[in-house]
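Since this is a predicted model, take the numbers as computed values, not measurements.
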Amino acid sequence: MTLLPLTAGFMPLIDAAPLIIARELGFAEEEGLNLTLQSGPSWSTLRDRLVLGQIEAAHMLSPVPVAMALGLGGIATPLDALSVLSVNGNVIGVSNTVAARLRANGFTTDFQDATTAGLALAQLDGTLRIGVPFPFSMHAELLHYWLAGLGLPENLSISVHTIPPPLMADAIAANEIDAFCVGEPWGSITVENGGGELLLPCASIWQFSPEKVLAVRRDWAETQDDMAGRLLRAVWKAGRWLGNTSKLSTATEILSWPEYLGLPAEILERALTGRMVISRSTRAHRVPRMVNFYDGAATFPWKSQAAWIGAQLAHRCGLDPSQSAEKAATVFRSDLYRRHLAPMGADMPAASVKLEGALDTPTAAKSGTGTLILGPDAFFDGRVFDPASNN
């Protein structure tokens, strides 16, 4: 069989696993693709390669296509999200100095209570320099949502710095930042190197946040529908494989290869198993759904999730929230997801929109087979986002 060439970009992160596994375990080949993967040094480089046509698809921050649809970032080329690649997977960490100040104030993290952790930070004086991988990222959106929800006292100001994920551990060790929000394994690398401690998984802020998406140019999706379908099916199969916990040791071994993350498998395993080491002096903390590639319709591109991102960006950037949410919803292509995956028997929700943050417990949802269970998706502050009203 002649394989069709397709190049996709990725950043060296745990949540690039679906693309990596699709290539290495033959799921791309099953779909007739010769999938080549290119590692990128930064999110802006990866975005630019995609826009310029140097690659056909990318492992991408979920807010990037939304931001571009809203005219943010200076690049007008429309991008679409064919699917969500991963849910959750980020951590918030602090420098050793900040960790010591928090302990001096009587705070001890349980690595799950976002309100208590945020209020502890709010007791600090001065400026808190926080690193995020990109201005338009779930890291930035969750960070702003979290701190705005708690309210910041006048004695504390926030300064946000953009730092590529692989450089985050070095930045905090060099005292260039006081804290960070970053995708794994770079929080764990900070702990391993002794440069800081982990404060909170971002799943404690939003229990089911769409972290990375499979992004393509809109014109490519429209003119290369067959290729888009092949890629979507290959990545979905890889996500399903990753959803089997018995496969995790194999997954961490592959991810550890030099051409991908180039890090020890035992460190990569922390996020995949949810057993997070938050400092050198504490036991591992169990984090349910630390990162999710399949369960609970994890890969489905909910238009309501895109609308939430659009509304958050609007509030932060001075845009109209209603119009922004509507534009954002067009970016998550649930129509293409349904068309290409339904013939495979992939279970998916009957609706493409839902209330975000409304589920506290696993809940049955209408689907093609009637067996779909959606997991908890609550926000830390109990708010519910209704895409119909954009608030």
Side-chain angles (χ1 to χ4, degrees), residues 3 5-29 33-65 75 79 81-86 89-91 131-139 162-171 180 182-190 192-193 211-217 220 231 234-235 238-239 241-242 250-265 267-272 291 293:
L3 300 179
L6 190 149
T7 302
F10 74 97
M11 285 289 286
L13 291 155
I14 287 290
D15 51 31
L19 277 170
I20 294 169
I21 294 301
R23 169 180 163 77
E24 296 299 338
L25 293 190
F27 297 119
E29 189 172 344
L33 294 178
N34 179 14
L35 179 61
T36 299
L37 298 181
Q38 286 186 6
S39 179
S42 68
W43 288 112
S44 58
T45 299
L46 208 58
R47 176 202 59 192
D48 293 349
R49 287 177 183 173
L50 183 58
V51 166
L52 294 173
Q54 297 172 355
I55 55 178
E56 286 80 42
H59 159 240
M60 184 56 65
L61 300 158
S62 59
V64 166
I75 298 178
L79 299 183
L82 298 182
S83 74
V84 173
L85 286 178
S86 62
N90 298 331
V91 291
V132 299
F134 200 64
F136 309 121
S137 62
M138 193 56 71
H139 314 77
T162 300
I163 300 171
L167 302 182
M168 201 69 77
D170 292 338
F180 58 69
V182 73
E184 277 293 287
W186 301 108
S188 290
I189 290 297
T190 298
E192 195 69 14
N193 293 348
E211 174 52 31
K212 302 300 189 306
V213 295
L214 180 61
V216 299
R217 296 185 311 281
W220 185 86
L231 179 61
V235 170
W241 184 90
L242 285 161
T250 301
T252 54
E253 181 63 32
I254 293 171
L255 292 174
S256 72
W257 293 352
E259 60 265 43
Y260 297 129
L261 273 67
L263 295 169
I267 296 178
L268 306 182
E269 190 175 49
R270 296 176 189 178
L272 289 177
V291 61
F293 299 108

Side chains of [X] and [Y]: closer than 4.5 Å at any heavy-atom pair?
X: Trp186; Y: Leu13; value: yes
X: Ser62; Y: Val84; value: no
X: Ile75; Y: Asp48; value: yes
X: Arg270; Y: Pro185; value: no
X: His59; Y: Leu85; value: yes
X: Ile254; Y: Leu25; value: yes
X: Ile20; Y: Trp257; value: no
X: Glu259; Y: Ser39; value: no

Quiz item: Relative to each other, are the rings of Phe136 and Phe134 parallel, tilted or perpendicular (30° and 60° limits)?
Solution: perpendicular

Quiz item: Do the side chain of Trp43 and the main chain of Pro165 share a donor and acceptor less than 3.5 angstrom apart?
Solution: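 Such a contact is absent between Trp43 side chain and Pro165 backbone.
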
Quiz item: If only atom types and distance count, is the side chain of Glu269 paired as donor or acceptor with the main-chain N or O of Leu272 below 3.5 Å?
Solution: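 Judged by distance alone, no pair lies under 3.5 Å.
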
Practice problem: Give the intermediate values and the outcome of side chain to side chain contact (heavy atoms under 4.5 Å, CB included) for residues Ile14 and Phe293. | Solution: CA-CA 11 Å; Ile14 287 290; Phe293 299 108; 4.3 Å; yes

Quiz prompt | Glu192 and Ser188: CA distance, side-chain angles, deciding distance, side chain to side chain donor-acceptor pair (under 3.5 Å) verdict | solution = CA-CA 6 Å; Glu192 195 69 14; Ser188 290; over 6 Å; no

Heavy atoms only: give me the nearest [X]-[Y] pair and the separation to one decimal.
X: Pro41; Y: Pro164; value: O-CB, 3.6 Å
X: Leu242; Y: Pro18; value: CD1-N, 3.7 Å
X: Ala265; Y: Glu253; value: CB-OE1, 4.2 Å

Quiz prompt | Step-by-step side chain to side chain contact (heavy atoms under 4.5 Å, CB included) determination, Phe180 to Thr190 | solution = CA-CA 10 Å; Phe180 58 69; Thr190 298; 3.6 Å; yes

Quiz item: Under the salt bridge (Lys or Arg N to Asp or Glu O under 4.0 Å) rule, what pairs show up with a residue in residues 11-24, not counting sequence neighbours?
Solution: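 The answer is Asp15-Lys212.
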
Quiz item: For Glu56, which residues count as a salt bridge (Lys or Arg N to Asp or Glu O under 4.0 Å) partner, sequence neighbours excluded?
Solution: none

Quiz item: Taking it one step at a time, do Val291 and Glu184 satisfy side chain to side chain contact (heavy atoms under 4.5 Å, CB included)?
Solution: CA-CA 9 Å; Val291 61; Glu184 277 293 287; over 6 Å; no

Quiz prompt | From CA spacing to verdict: side chain to side chain contact (heavy atoms under 4.5 Å, CB included), Tyr260, Leu268 | solution = CA-CA 12 Å; Tyr260 297 129; Leu268 306 182; over 6 Å; no

Quiz item: With sequence neighbours excluded, what pairs up with His139 under the ring-ring contact (aromatic ring centres under 6.0 Å, His included) test?
Solution: none

